[in-house]
Every structure is written in structure tokens, then in C-alpha cells.
Amino acid sequence: MAKRTETSGRLDDAARAGWLYYVAGRTQDEIASAMGISRQSAQRLVSLAVAEKLIKVRLDHPIAACLELANQLRKKFDLKHVEIVPSDPGSSSRTVGIAEAASAEIERWLKRPDPIVLAVGTGRTLKAAVDQLPLIECPNHRIVSLTGNITPDGSAAYYNVIFSMADAVKARHFPMPLPVLVTSAEERELLHGQQLVRYTLAISAQADVTFVGIGELGIDGPLCVDGFLEKDEMMELMREGAIGEICGWIFDGEGRLLDNPINERVASASIPSRETSTVIGIAKGKRKFKAIRAAIVGRQINSLITDEETAEFLLST
């Protein structure tokens, strides 16, 4: 029999305590008695279960204030789908709340009986959402990545989610075997002419639903932090009026894609047609306020998952 290590044993205990508390509905005193430990130890184990993400909680009750904000946003911007989650004033996380809501929405689409094409972008929030997906069998669906899975140094892109989805979702997956940005427009044309890439691009254009993150610009924005753009390139973009990006495609304050050399180097697939695909942007936070608004007014997206604070900003502009 394999020996149980101290770490795995503690996680086993945390999982058991978490199950007793959240699923079985036992009190911490009852958990302590059942496991032969002190109440304080039971409390610590339940907290560990949450911290290690052994327990994943979804809120199924629709909160009236969030529903009203969603309705107002839907009407104001003519959006197909809007979901608003409560804001946590004490949290600095950019993913908590919207990642859970996005995960539930992805799951709803994947459980549809008729075959669909589901396209995904990249980013921290989207990866957090995908990491919460349960195991789903949907062999009739196709899942395609809009963005490349290679970083500038040739390593795998950490926040590309197609492979994480492949671990949880039993469907056909189509990665984009390219960098997010290439060195020139000529190189992009050459790479997009390859048969494998042409096929992936064709599938992405057929997407029934698309899930994308919305990135802010700046030297601490994702494109710089992840090494795709140099700081001087980013500063020049911002001087030209750039405000945000989706899958590497850079747009201005009105959501118009910039006509510049950087966008000519983007190897990502085009964002699927907003006429035929439900394109859901997943983002929140003050740093992204302007980018989210621009993506909406410029019709880069036609659906949104965000939080109350962001929704209130959008309604006030």
C-alpha cells in the first residue's frame, strides 16, 4: 500500500472536513467529533479546503440588484447576454466571482444537445473559469482556440486555455499552433496559409459562442507582462489612442481596431462575427473600465459577464 505523505494526508482531511461542512451540512463541532479532532482544527481544515480550491461554490439564487443592472445594460447597449455578479469591496482579485459565473455559462453551452462550435480566447480570468469546469462528455461539440499557444521565447503560453479545457471536456479540440504575435504581416500571411492553420481559422469563424477576456493596455498590462510587446511599443500604442485588446487585437476608445503595424502582426483568428456568434467578454475592475466600455460600444463583443461596480460605471457613461 502506498504510504500517505503528510501533505496528501492533510489535504485528505481537508477534503473530508469540507465535504462534511458544505455538502453534508454538519457543524464544525459535529465535524470535530466525527473526525476526532478539536473544533479549531476542524475550522482550519474547512478553511484549507476552500484555500486549496477543493471546494467550489456557485450561487444559484438570482440577486435582484444584479438582475436589474443586467437588464439595464442589456437594453442600453443592445447586448445578447449579460450576467452581473456581486462586487466584493475588500477583494483585489480580478477573477473572483466572474470566473465562477463564466464557468457556469461555459458549462451550460457545453451541455446543449445539438452540436456547437465553442471558441475561446486567452487570459487569466478565462483560465480561472476553465479550471473550475467539471468533467463533461460532449463528443459532438468542437472547441477552438482563437489565439496562439506559443510565447515569444517558444514556450507554451500559460494562459492559453485550450489544453486546460481538453483535460475536463471530452470534445474535439483545435489549438492554434502559432504565437500570439509574429514578427511581420508577411510572416502572418505565410503562417495563415498553412493547411492546418487554415482549417483552425475556418472552424473559429463558425463559432456559435465565443468566450474572451478583455485586456487593459499599459506597461503592466497582459501584453507587456507576458512578453508579447516591449514597453516602448506599448507606450506608442497608447499615444495612438489604444485602450484595450481582445486576443491581441488592439482597439481604441470607441472599440475600433487600430490600423497599425502591431495589429498587422496579430496571428490570432479574427473575433467571430457578432451577427452569428454570441461573443461573451469576461472582465471587471477599474483598470479595465475603459477597455470594457470600448469593447461594448465598438461591438467587439455582444455579451458580458462582469460585476456590479463595473456595471454601474458602464451605465453612468
Applying side-chain contact (heavy atoms from CB on, under 4.5 Å) to Trp249 and Leu258, what does each step give before you reach the verdict? CA-CA 8 Å; Trp249 295 106; Leu258 292 186; over 6 Å; no
Quick one: do Asp167 and Ser164 satisfy side chain to side chain donor-acceptor pair (under 3.5 Å)? Show the steps, please. CA-CA 5 Å; Asp167 290 337; Ser164 299; 5.5 Å; no
Where does the angle between the aromatic ring planes of Phe313 and Phe289 fall among parallel (under 30°), tilted (30 to 60°) and perpendicular (over 60°)? parallel
May I ask you to say whether Asp12 pairs ionically with Arg16, meaning some side-chain N is under 4.0 Å from a carboxylate O? no
OG of Ser184 to CG of Leu190, rounded to nearest 0.5 Å, is 9.0 Å
Is the CG atom of Asp259 crowded by more than 12 outside heavy atoms at less than 6.0 Å? no
Could you tell me the separation between the OG1 atom of Thr200 and the CZ atom of Arg142, rounded to the nearest 0.5 Å? 11.0 Å
Are any non-hydrogen side-chain atoms of Leu45 and Arg10 less than 4.5 angstrom apart? yes
Using the side-chain contact (heavy atoms from CB on, under 4.5 Å) rule, take Ile280 and Leu304 through it: C-alpha gap first, then chi angles, then the decisive distance, then the call. CA-CA 5 Å; Ile280 303 175; Leu304 180 67; over 6 Å; no
Does this structure show an ion pair linking Arg74 with Glu68, if we count only N-O contacts that are shorter than 4.0 Å? no
Checking Trp109 against Glu105: is there a side-chain donor and acceptor pair closer than 3.5 Å? yes
Taking the side chain as every heavy atom from C-beta outward, state whether Asp307 and Pro86 have any pair of such atoms under 4.5 Å apart. no
Can you tell if the side chain of Val50 reaches within under 4.5 Å of the side chain of Leu48, non-hydrogen atoms only? no
Hey, quick one: are Leu315 and Val297 part of the same hydrophobic cluster, counting side-chain heavy atoms closer than 4.5 Å, chains of contacts allowed? yes
Correct closest heavy-atom pair for Ala102 and Ile282 would be CB-CD1, 3.6 Å
dist Arg299:CZ -> Ser273:OG (nearest 0.5 Å) comes out at 10.5 Å
Spatial distance of atom OG1 (Thr122) from atom NZ (Lys127) [nearest 0.5 Å]: 10.0 Å
Can you tell me if Glu189 has over 12 outside heavy atoms packed within less than 6.0 Å of its CD? no
Closest contact, heavy atoms only, Val225 versus Asp220: CG2-O, 3.4 Å
Which heavy atom of Ala267 sits nearest a heavy atom of Pro179, and at what distance? CB-O, 3.3 Å
Side-chain heavy-atom pair Ile143, Phe174 within 4.5 angstrom cut-off: no
Would you say His141's side chain and Ala171's backbone share a donor-acceptor pair under 3.5 angstrom? no
Can you name the closest pair of heavy atoms from Cys247 and Val180 and give their distance? O-CG1, 4.5 Å
Do other residues, nucleotides or ligands put more than 12 heavy atoms under 6.0 Å from the NZ atom of Lys290? no
Does any donor atom in the side chain of Thr278 or Ser303 lie under 3.5 Å from an acceptor atom in the other side chain? no
Go through it in stages, so that I can follow the logic: the residues are Glu83 and Arg108, the test is salt bridge (charged side-chain N to carboxylate O under 4.0 Å, His left out), and I'd like the CA-CA distance, side-chain angles, deciding distance and then a yes or no. CA-CA 14 Å; Glu83 186 166 355; Arg108 281 191 285 270; 3.6 Å; yes
Val144-Leu118 co-clustered via ILVMFWY side chain contacts under 4.5 Å: no
Would you find a donor on one side and an acceptor on the other, under 3.5 Å apart, between the side chain of Asn71 and the backbone of Leu67? yes
Any salt bridge between Glu233 and Arg265, counting N to O under 4.0 Å? yes
Side chains of Leu217 and Ile250: closer than 4.5 Å at any heavy-atom pair? yes
Step-by-step side-chain contact (heavy atoms from CB on, under 4.5 Å) determination, His192 to Leu178: CA-CA 9 Å; His192 279 193; Leu178 298 174; 3.8 Å; yes
Indicate yes or no for a side-chain donor-acceptor contact from Lys288 to the backbone of Ile214 under 3.5 Å, with no hydrogens or angles considered. yes
With side chains defined as the heavy atoms from C-beta onward, is the minimum distance between Leu73 and Leu314 less than 4.5 Å? yes
Do Leu229 and Leu257 sit in one hydrophobic cluster, given that two such residues count as connected whenever their side-chain heavy atoms are within less than 4.5 Å of each other, even indirectly? yes
I'd like to check Gln300 versus Val212 (side-chain heavy atoms, cut-off strictly below 4.5 Å). Are they in contact? no
Rounding to 0.5 Å, atoms CG (Asp13) and OG (Ser41) come to a distance of 10.0 Å
Side chains of Asp88 and Val96: does their closest heavy-atom pair fall under 4.5 Å? no
Taken to the nearest 0.5 Å, the spacing of Ser87 OG from Glu308 CD works out to 5.0 Å
Pair Asn260-Asn263, side-chain contact (heavy atoms from CB on, under 4.5 Å): steps then yes or no: CA-CA 6 Å; Asn260 67 15; Asn263 270 345; 3.7 Å; yes
Is Ile136 linked to Phe211 within one hydrophobic cluster, defined over Ile, Leu, Val, Met, Phe, Trp and Tyr using a side-chain heavy-atom separation of less than 4.5 Å? yes
Would the number of heavy atoms belonging to other residues, nucleotides or ligands and lying under 6.0 Å from NZ of Lys76 be above 12? yes
